[in-house]
Amino acid sequence: FIPFLPAGLMPLEDARTLLFDCSTPYLIACETLLVARLGAVPDVAVVADLDRGAVHKAPSTEWFSARAPPVLSLCTELAACMGDCIRFRQSGVHVACLRFVV
């Protein structure tokens, strides 16, 4: 679990390798702008868009459902952390992701 990957932390190609070419499942947070700069998200990626409060299922993941355990608990906790910039709770997002990984 990587709580946040700043867009300027590494060269764009290194970020693409980390986000798109890793063979191990993981959770990583990054800005929407970084993902847009990298291009199309791989077909095997599940994306939780915290800006829009939506989870996007990867086309190749028939098994995935945001409404079934264990992903449902993650989505429920993330939803409680979302809202406008006043209600957004970054620490709550980190706790939800860590709980999901553990």
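All values below come from the heavy atoms of this structure, side chains included, with hydrogens, waters and symmetry mates left out. Residue numbers count from 1 along this sequence.
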Engineer: Show me the pairs that pass side-chain hydrogen bond (donor to acceptor under 3.5 Å, both in side chains) and involve residues 67-76, at least two apart or across chains.
Structural biologist: none
Engineer: Please find the pair of heavy atoms, one from R16 and one from R37, that lie closest to each other, and give the distance.
Structural biologist: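 Shortest heavy-atom contact: NH2-O, 4.0 Å.
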Engineer: How close do P42 and F20 get, counting heavy atoms only, and between which atoms?
Structural biologist: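 Looks like CD-CD2, 3.4 Å.
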Engineer: Kindly list each side-chain donor-acceptor pair under 3.5 angstrom involving residues 2-10, sequence neighbours excluded, with atom names and distances?
Structural biologist:
none

Engineer: Using every non-hydrogen atom in the two residues, find where L78 and A48 come nearest and quote the distance to one decimal.
Structural biologist: CD1-CB, 4.4 Å
Engineer: Any chance you could measure L38, atom CG, to E13, atom CD, to the nearest 0.5 Å?
Structural biologist: 8.5 Å
Engineer: I'd like to know if L72 and V46 are part of one continuous hydrophobic network [Ile/Leu/Val/Met/Phe/Trp/Tyr, side-chain heavy atoms within less than 4.5 Å].
Structural biologist: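 Unlinked, V46 and L72 end up in two clusters.
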Engineer: Would a hydrophobic clustering, with Ile, Leu, Val, Met, Phe, Trp and Tyr connected at side-chain separations under 4.5 Å, put V95 with I28?
Structural biologist: no
Engineer: Testing L34, D14, V41 one by one against L19 for a side-chain contact (heavy atoms from CB on, under 4.5 Å), which residue passes?
Structural biologist: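 Answer after filtering L34, D14, V41: L34.
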Engineer: Identify the two heavy atoms, one from G92 and one from C81, that lie closest to each other, and give their separation to 0.1 Å.
Structural biologist: C-SG, 3.3 Å
Engineer: According to side-chain contact (heavy atoms from CB on, under 4.5 Å), who are the partners of P70, at least two apart in sequence or on a separate chain?
Structural biologist: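 Partners of P70 by the side-chain contact (heavy atoms from CB on, under 4.5 Å) criterion, ordered by chain and then number, come out as F100.
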